[in-house]
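So the structure is just underneath, and the comments pick up after that.
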Protein chains: 2
Amino acid sequence: MTSADDRSDADVDGRAPRRQARGQRRIEEILDAAGRVFVREGYDAATTNAVAKEAGISPGSLYQYFRNKDEIAQGLAVRYAAGLAELQRAAFDGVDPQGLSLEDLVRRVIDPVVAFNVAHPAFKTLFARTDPPPGLAEATAPLDASIHERAAALVAARAPQLAPADAARVSVVATQLVRAMMPLVVAASGAERERLAAEARSAVAAYLRVALG
Amino acid sequence: MTSADDRSDADVDGRAPRRQARGQRRIEEILDAAGRVFVREGYDAATTNAVAKEAGISPGSLYQYFRNKDEIAQGLAVRYAAGLAELQRAAFDGVDPQGLSLEDLVRRVIDPVVAFNVAHPAFKTLFARTDPPPGLAEATAPLDASIHERAAALVAARAPQLAPADAARVSVVATQLVRAMMPLVVAASGAERERLAAEARSAVAAYLRVALG
DNA sequence: GGAGAATACGAGCAATCACTCGCATATGTC
DNA sequence: GACATATGCGAGTGATTGCTCGTATTCTCC
């Protein structure tokens, strides 16, 4: 996985170009622009030329930093994986998951996820798809993996008696439930958004109460 | 809405061509082929030329029956809406929903839906998308509406005390949960598929038990 | 201040795709 | 069997798009 991440800014020969500070800034700008375009147009309909235009650069410059569209998605996915990991770390900072009620545990997981989705609307264009095209699936695979890893760890901690296959299924299902609710929550606003977030928490908690025995 | 539906077989001048039996058969063949192509490639990546080839006809013949790609999706959606309605009618034939336990009710709704998804794998390529492109959204809007209508009717029957806004939210959320689970269920097979279907039933039932009060 | 590398440009190429058009054949009706 | 219409064909078109390439500018380091 780490070697795959490194490849993302490696040359065809495996030689990584040495980025100047300007280049690093450009990469961030491109990713920001890509997020906005993905939200506006959807991933499939988004064109690389549109991303370049949104970033205020030429198509040629874009391809200086990303070899293709999927690699842009991958860049965003890496960002998001880091942001989510940080959020979850903060949510459980100095807290023992075992000591929480199921409702509190679910709240601590979902509320930051909701906040993250609201703050980064492009996130769901990459992650909340039930049938991503192959290239996008590959780009977001590490993100998916890290999310499932965290979910599986929580399930294992709460229900150590569960057979591994059952635990895996429960964490996949719970993740899927959250994934499905995010577009609904983000699409709403104000009080309705909070109500939908509450429904998401309620659904996941209710499911887990049954599934974890 | 009804006039929009009629427009689908209407000419530009509003004159509907009179189909021969041969033409009706072709339409069915094209829809069958489109379903297979959508499953193989996904809706966005599927090309109309590929659909024509899969159906064993020329692109020109395809456009004899469908004005564009979205209209093919709409044709499939109409088929699916009818199939689902029939399935649900059969599931509740001579049964009073009020007299069932929540678990039985959920089972009667979800099991046919699972069977339908397994039998028609293209269904989820149209329906189980969290962010469909605008054209597809328009094509599947009637299908979405009829599904939500049925869900809302069941919710209203079970929880007449719920405010309309709350009832609507519950039925939307429940529908979304089912929608999200279908790709997981269909992707699995054999015993694992049945276990995932059981998780879907369990999640929806657990949610509804809380949400319906 | 000069060499080498990174950054930047943007016109345009090659490929793809939704859809058309002119014309031929099949079908149903009188 | 003749007429009208439905069905059928498939090469081709106009538009789009991911991506390249030749070239010009800016940065870093000596």
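Computed from heavy atoms alone, side chains included, the values below leave out hydrogens, waters and symmetry copies. A note on names: the letters A, B, ... follow the listed sequences, proteins ahead of strands, and every chain is numbered from 1.
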Nearest-angstrom distance from the residue atom CD1 of I72(B) to P of dC17(C): 14 Å
Donor-acceptor contact present, side-chain K69(B) to main-chain D44(B), <3.5 Å: yes
Main-chain N/O of V170(A) paired to E199(B) side chain as donor or acceptor, under 3.5 Å: no
Set of side-chain contact (heavy atoms from CB on, under 4.5 Å) partners for P121(B), sequence neighbours left out: V39(B)
Gap between atoms CD and C1', on Q24(A) and dT7(C) respectively (whole Å): 13 Å
Between C1' of dG8(D) and CD of E29(B), the distance in whole Å: 13 Å
R19(B) vs dA6(D): side-chain N/O to OP1/OP2 distance below 4.0 Å: no
Whole angstrom value for the distance that separates P of dA6(C) from CD1 of I27(A): 13 Å
Evaluation steps, salt bridge (Lys or Arg N to Asp or Glu O under 4.0 Å), between D166(A) and R195(B): CA-CA 9 Å; D166(A) 294 333; R195(B) 283 191 209 101; 5.3 Å; no
Whole-Å gap separating C1' (dT7(C)) and CZ (R22(A)): 4 Å
Check: T47(B) side chain, A50(B) main-chain N or O, donor-acceptor pair, under 3.5 Å: yes
B/S/- contact track for nucleotides 14-20 of chain D, protein heavy atom under 4.0 Å: ---SSBB
Touch class at under 4.0 angstrom, heavy-atom based, for I57(B) against every strand present: sugar-phosphate
Geometric cation-pi criterion R179(A) and F127(A), 6.0 Å radius, 45° cone: yes
N/O (side chain, Y65(B)) to phosphate O (OP1/OP2, dA6(D)) under 4.0 Å: no
Inter-axis angle, terminal five-pair segments of the helix from dG1(C)-dC30(D) to dC30(C)-dG1(D) [nearest 10°]: 20°
Short side-chain N/O contact to dC9(C) OP1/OP2 from S58(A), under 4.0 Å: yes
Side-chain touch D93(A)/R89(A), heavy atoms, less than 4.5 angstrom: no
Lys/Arg N to Asp/Glu carboxylate O, D32(B) vs R79(B), below 4.0 Å: yes
Distance, rounded to the nearest Å, where Q64(B) contributes CD and dT27(C) contributes C1': 14 Å
dT7(C) OP1/OP2 closer than 4.0 Å to side-chain N/O of S61(A): no
Parallel, tilted or perpendicular: ring planes of F116(B) versus H120(B), cut at 30 and 60 degrees: tilted
